[in-house]
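Note that this is a predicted model, so its numbers are computed, not measured. The figures that follow rest on heavy atoms only: side chains count, while hydrogens, waters and symmetry mates do not.
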Amino acid sequence: MMSDRELLELAAKAAGIEFSWINNDGARLDRKPGIMQPYVRWNPLTDDGDALRLAVTLGMAIYCPHSLSAFAGAGELLERIGDDPYAATRRAIVRAAAAMAPKETA
């Protein structure tokens, strides 16, 4: 299973987001919104707006039955809904985005 840091990095790469980690423990990922603009905090695992923008950027379809699915180019990813359906939705979006990231070549 991937760490949150790995998921965020891959999701950012899939969306073409230039990013930087502010401290070495990976506690804060910032993205660069444009040329000549400062980096701003970005975390679609915790921020509904970041997650929605990520889903729209990658053309995802989201379906919320008893468990939650996010559909993208990578196929369907299922995230079980627990006490927080919003957190499950955000995580499903980030997992689907991470699966869409370009594969590294050696």
Partner of R53 by side chain to side chain contact (heavy atoms under 4.5 Å, CB included), out of L58, D47, D48: D47

Heavy-atom pair of closest approach, residues L54 and A97: CD2-CB, 3.8 Å

Pairwise side-chain contact, D84 with R91, heavy-atom cut-off 4.5 Å (strictly under): no

For V56, the rest of its hydrophobic cluster, which grows through side-chain links under 4.5 angstrom: L52

Heavy-atom side-chain contact between L10 and M2 under 4.5 Å: yes

Distance (rounded to the nearest 0.5 Å) between L7 CG and I93 CD1: 13.0 Å

Basic-acidic side-chain contact under 4.0 Å: K13, E9: no

Rounded distance (nearest 0.5 Å) linking atom CG of D50 with atom CZ of R90: 10.0 Å

CG on L8 to CG on N43, rounded to 0.5 Å: 5.0 Å

